[in-house]
Amino acid sequence: MKRAFTAILLLALLTTGAVVAPSAASREPVRARHGIVASVSEIASKVGVDVMQRGGNAVDAAVAVALTLAVTWPSAGNIGGGGFMMIRRADGRTEVIDYRERAPLTASRDMYLNEKGEVIKNASTVGYRAVGVPGTISGLALALSRHGKLKWADVIEPARALAAEGFTLNHQTVRSIQGSRELLAKFPDSNRIYLRDGKYYEEGDTITQPDLAKTLTRLKEKGPREFYEGETARLIVDDMQRNGGLITAQDLKGYEPTIRNPLKGTYRGYELLTMPPPSSGGAALIEMLNVLEHYDLARMGWNSSAELHLLIETMRRAFADRAEFMGDTDFVKVPVAGLISKKYAAEIAKTIASDHATPSENIRAGKPVSYESTETTHFTIIDQEGNVVSNTYTLNNSFGSGVTARGTGFLLNNEMDDFTSKPGVPNAYGLLQSEANAIAPKKRPLSAMTPTIVLKDGKFVFAIGSPGGPTIINTVLQVVVNVIDYGMNIQQAIDSPRIHHQWMPDVVRWEPMGINGDTRAALMSIGQKLSDRSGFIGDAHGVMVEASTGMRLGASDPRLGGAAVGY
Ligand code: GLY
């Protein structure tokens, strides 16, 4: 009886076009008066809050959280990788610190091909030759110097102490290490540190990382350039030379992060600040939102077959464009303005049929005028003043290349796989990419990382981001749509089931319990190809400000056991 009534009520609301939040169970967001950190690691989130309570701002907290995640979430938290930090100051000034890895100077277009021109299996994903020049320390230091209040030595100390004194491994961290045993066992320092030479860690064990503590001590005492020109650089380069890696002293010394303006878009009266190239994420996000603006999603109904079909068709088209056009704009021309124009979106919308799927093989990139193990990690922070940081950074795949350079205690990325090894041949994420993302010295590999901030009438509403390779873009898209179209709070928007389509392969990924059997059948009846098995997609962490009270609302994704902590 009660269910029947609810159904009738929902139907009535839907037919009047009212926005209906889903009834699916979800925690309340964490509420705090002053500041919040939402990350995959409760320890790291607490470190960030502690930094703010000691007088630091969101950027001080962000640098401390990023360094702490390198200790407590080693599959993706890092100092041997790179990422993007979007900072919006309370006064509205916004900038992005791009600390993406770069190809080493001796890298070349065909470096992962054999003499027959075929891609050499695992060459761009495993081991020393897969490593891009790391940008994390340089990017964090730049963010701190431009926006922080505390000293480098102060924000690095919590991570150093956790590496030296140890911390208790939770279920998720043990599971992530176990999931990468085969990779980590290939490299002696990784095998010793994360696999205890075969005496595997279990949940509740304490892990200490003395080599990493020594590295962090050097960085604390000598400053961030130590990574690029000091003993740490020497250790990396020596290990590269012993093992056929490309990174030289010159590569490390020459690494510089880049300051960028965010890419801007609008969606139903909200303003989006998101990630420009070398990420494809922001452009694809805006392109998709521009298309969705042509439809009344709320009327279609959240997670209805009509809404999911529309999302899939939109994703399919934006990812075809991503494959064709996107790369590092310091090296190639990318028609960003065209891709994010409302006019282009109107053209795309005309090609979407409501009653059948368009097979991906029939989709080619459009003509705008003028990419798991899918590891990476995202955290979002807001402080007392209203400064916001939305940071996504990565080793690429889980535990990166698997390499811990001897004596350093930290993992090195395999970001070189984010380049196109050979146009037309899919990378580790199954993504097809073009010449625009070919390998060249110092070039940044194309990313999908999409740290995003959403405003209304110039005021901060929420900030979000996620790991997950190409699924990042679609995770951010669905959180934005859940908040704006369906009126969900930030926790509901993150908890809700997601889907993912990336043009090729032509398959819709979906989450366990994410789409009911009837809806799956309806989608398949109009030609959508759903993956045989479901699996989790993304790990989003966000903060929001409650307009009526100014309270900070924080939400951490339940998928990997993260935590939002406030004060
Ligand atoms: N390595 C994942 C990304 O940058 O998109």
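Whatever order the structure lists ligands and atoms in, that order sets their numbers, starting from 1.
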(request) Would you mind telling me if ligand 1 is within reach of the side chain of Arg100, the backbone, both or neither, using heavy atoms under 4.0 Å? (result) side chain
(message) With nothing but distance in play, are any N or O atoms of Ile472 less than 3.5 Å from an N or O of ligand 1?
(response) no
(request) May I ask you to check whether Gln528 and His501 show a side-chain donor-acceptor distance below 3.5 Å? (result) no
(message) Tell me whether the count of non-hydrogen atoms from other residues, nucleotides or ligands lying under 6.0 Å of CD in Glu118 goes above 12.
(response) yes
(request) Considering the heavy atoms of Asn396, write down every atom of ligand 1 situated less than 4.0 Å from one of them. (result) 1 (N), 2 (C)
(message) Quick test of your reading of the model: are Glu435 and Arg109 salt-bridged, counting only N-O distances below 4.0 Å?
(response) yes
(request) List in chain and number order the residues that pass ring-ring contact (aromatic ring centres under 6.0 Å, His included) with Tyr194, two or more places apart in sequence or in another chain; answer none if no residue qualifies. (result) Phe399
